[in-house]
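Beneath this line is the structure, given in structure tokens, with notes to follow.
On a predicted model such as this, the values are computed, not experimentally measured, just so you know. Along the sequence shown, residues carry numbers from 1.
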Amino acid sequence: MRLPLFLLLAVTSLGAVAQDDAAPRTALVIHGGAGVIERESLDAEAERGIRAALDAALDAGHAVLASGGSALDAVEAAVVVLEEEPRFNAGKGAVFNAEGRHELDASIMFSQDRKAGAVASVTTVRSPIRLARRVMEQSPHVMLMGEGAERFADGHPDLERVPNEWFDTDARREQLERARQREAGGRQADAGGTGAQYFGTVGAVALDAQGRIAAATSTGGMTNKRWGRVGDSPIIGAGTWADGNCGVSATGWGEFFIRNAVAHDICARMAYRGDSLADAAGEVVMEVIPAHGGDGGVIALDGEGNIALPFNTPGMYRGWVRPDGSRGTAIFGDE
Ligand code: ASP
């Protein structure tokens, strides 16, 4: 059948409009931790290294999204890059606990079927975020900890294992020494009260072309932590959350993020109260957490691809790719 030209044009342009409307709106946000990051104490080389690592993580995550991959694969890809970078407090470069060892925490959540997986206090798994995803997909549980998590990892020989010392770095050892000295000097160093105790936790949140959201967080926790201390990062609803319309990965003084169910609270404010992402994330980070004496920040995005990256500390390592393809990295508040 031959269509009259005007009809053909109309149909073609309608098709074009429909295609534009349906253009995939993907987005990605990442963080490398919030804390007392002073401009003066960050030399040019360190800053370049950090920004390059953030960029590499954005590249890894965005490549997945751009090729039609899932938000889940995107956040895992981005977080693995950050875990491997010794400047961040996750995987290689994780902080030392009070015994001079590393105990790593991670969690991941996917809006599709609201699946989640988490590990706490793991000691020999090179990529805790990969292990968290295995817990989510290949165990009937959400969270495994310590020895049990290590035993579960034994059943997944393709997940690389390393001796605990593999996570060591000189910078983190010095940080532990300083914390011990402060403690010996009578100051409460292990509780994190100085803020300088932490930064460098990593995380990612992604929106894929099918409108699904995933969030992931990985950390060594807080320097000089003891007694098997576990922070917010592996706790679904505190450090990580992803539902049908909102995803969050947090970083900061974990005890306050747990007590305020930060990641879930942000998304619940949108769902129950109709808050915008910016209002929900901004209010929780800038008002609720400080009102209780805590500090830190979050990266968040919603189903429209809006992003919010609020923090109440001097700095937060962060990066983003918006639905329009614009991207960037930043460290301090005035960028
Ligand atoms: N939230 C992490 C914890 O408390 C630390 C961090 O974000 O730097 O374990």
Side-chain angles (χ1 to χ4, degrees), residues 28-35 37 42 45-65 69 72-96 101-108 117-135 149-150 153 156-173 175 198-206 214-221 223 233-234 239-240 249 251 299 316-321 327 329 331:
L28 175 68
V29 285
I30 60 168
H31 70 80
I37 307 164
L42 190 68
E45 200 223 307
E47 180 170 343
R48 263 198 307 279
I50 283 161
R51 286 188 190 265
L54 292 171
D55 263 321
L58 286 178
D59 286 345
H62 190 247
V64 173
L65 297 173
L72 188 61
D73 288 337
V75 294
E76 180 184 328
V79 167
V80 167
V81 170
L82 298 170
E83 285 179 333
E84 288 291 308
E85 166 55 55
R87 294 179 202 271
F88 298 117
N89 171 22
K92 178 81 182 169
V95 298
F96 286 88
R101 286 172 55 78
H102 309 277
E103 292 175 327
L104 311 174
D105 304 331
S107 65
I108 193 162
V119 293
S121 299
V122 295
T123 54
T124 67
V125 177
R126 177 164 174 158
S127 171
I129 201 65
R130 285 200 168 127
L131 183 62
R133 183 168 174 179
R134 293 297 168 92
V135 173
E150 298 282 329
H156 297 264
D158 59 313
L159 289 180
E160 191 178 345
R161 308 294 279 277
V162 291
N164 194 252
E165 310 79 62
W166 181 84
F167 298 107
D168 290 6
T169 55
D170 292 344
R172 294 300 183 189
R173 193 175 289 285
Q175 204 176 359
Y198 55 86
F199 56 77
T201 289
V202 308
V205 188
T217 312
S218 183
T219 188
T223 299
S233 307
T240 302
S249 169
T251 171
I299 55 168
M316 180 169 81
Y317 301 126
R318 58 202 188 278
W320 60 90
V321 184
R327 62 182 274 171
T329 62
I331 297 176

**Item:** Shortest non-hydrogen contact from Ala206 toward Val75
**Value:** N-CG1, 3.5 Å

**Asked** Hey, are Arg327 and Asp59 close enough for a salt bridge, meaning a charged N less than 4.0 Å from a carboxylate O?
**Response** yes

**Request:** Given side chain to side chain contact (heavy atoms under 4.5 Å, CB included), test Arg134 with Leu159 step by step and report yes or no.
**Result:** CA-CA 10 Å; Arg134 293 297 168 92; Leu159 289 180; 3.8 Å; yes

**Fill in**
Of all heavy-atom pairs linking Ala78 and Ile30, the shortest is CB-CG2, 4.1 Å

**Request:** Under the side chain to side chain donor-acceptor pair (under 3.5 Å) rule, collect the residues that match up with Arg172, sequence neighbours excluded.
**Result:** Gln175

**Asked** What heavy-atom pair brings Thr123 and Phe167 nearest, and what distance separates the two atoms?
**Response** O-CE1, 3.4 Å

**Prompt:** Quick check: are there more than 12 heavy atoms from other residues, nucleotides or ligands sitting under 6.0 Å from CZ of Arg130?
**Reply:** no

**Message:** Quick check: closest heavy atoms across Ile129 and Ala216, and the distance to 0.1 Å?
**Reply:** CD1-CB, 3.7 Å

**Donor-acceptor pair between Glu150 and Thr124 side chains, under 3.5 angstrom** = yes

**Request:** In plain terms, say whether Asp73 and Arg133 are close enough for a salt bridge, that is, a side-chain N and a carboxylate O under 4.0 Å apart.
**Result:** yes

**Thr201 side chain to Ser233 side chain, donor-acceptor N/O pair below 3.5 angstrom** = no

**Item:** Nearest-0.5 Å distance, CG of residue Leu104 to CD of residue Glu83
**Value:** 8.0 Å

**Request:** Determine, step by step, whether Tyr317 and His31 satisfy the side chain to side chain contact (heavy atoms under 4.5 Å, CB included) criterion, reporting the C-alpha distance in whole Å, the side-chain angles of both residues, the deciding distance to 0.1 Å, and the verdict.
**Result:** CA-CA 5 Å; Tyr317 301 126; His31 70 80; 5.9 Å; no

**Message:** Under the criterion side chain to side chain contact (heavy atoms under 4.5 Å, CB included), I'd like the reasoning laid out for Thr219 against Val202: C-alpha separation, chi angles, the key distance, then a yes or no.
**Reply:** CA-CA 6 Å; Thr219 188; Val202 308; over 6 Å; no

**Item:** Aromatic ring pairing His102/Phe96, orientation class (parallel under 30°, perpendicular over 60°, tilted between)
**Value:** tilted

**Prompt:** Considering residues at least two apart in sequence or located in another chain, which fulfil the salt bridge (charged side-chain N to carboxylate O under 4.0 Å, His left out) criterion with Glu165?
**Reply:** none

**Item:** Interatomic spacing from CD in Glu76 to OG in Ser218 - rounded to 0.5 Å
**Value:** 11.0 Å

**Message:** If I compare all heavy atoms of Thr251 with all of Ala34, which pair ends up nearest, and what's the gap?
**Reply:** OG1-N, 3.1 Å

**Message:** Between Val81 and Glu85, is there a side-chain heavy-atom distance shorter than 4.5 Å?
**Reply:** no

**Message:** For a side chain to side chain contact (heavy atoms under 4.5 Å, CB included) check, start with the C-alpha distance between Asp105 and Thr217, then their side-chain angles and the critical distance, and finish with the verdict.
**Reply:** CA-CA 8 Å; Asp105 304 331; Thr217 312; over 6 Å; no

**Under 3.5 Å side-chain donor-acceptor pair for Thr240 and Ser249** = no

**Complete:** Scanning both residues in full, the closest heavy-atom pair of Thr169 with Pro86 reads CG2-CB, 4.0 Å

**Asked** Taking side chain as C-beta onward, heavy atoms only, is Thr223 less than 4.5 Å from Asn89?
**Response** no

**Item:** Between CG on residue Leu54 and CD1 on residue Ile331, distance to nearest 0.5 Å
**Value:** 7.0 Å

**Request:** Could you list the residues that satisfy side chain to side chain donor-acceptor pair (under 3.5 Å) with Glu84, not counting sequence neighbours?
**Result:** Arg126

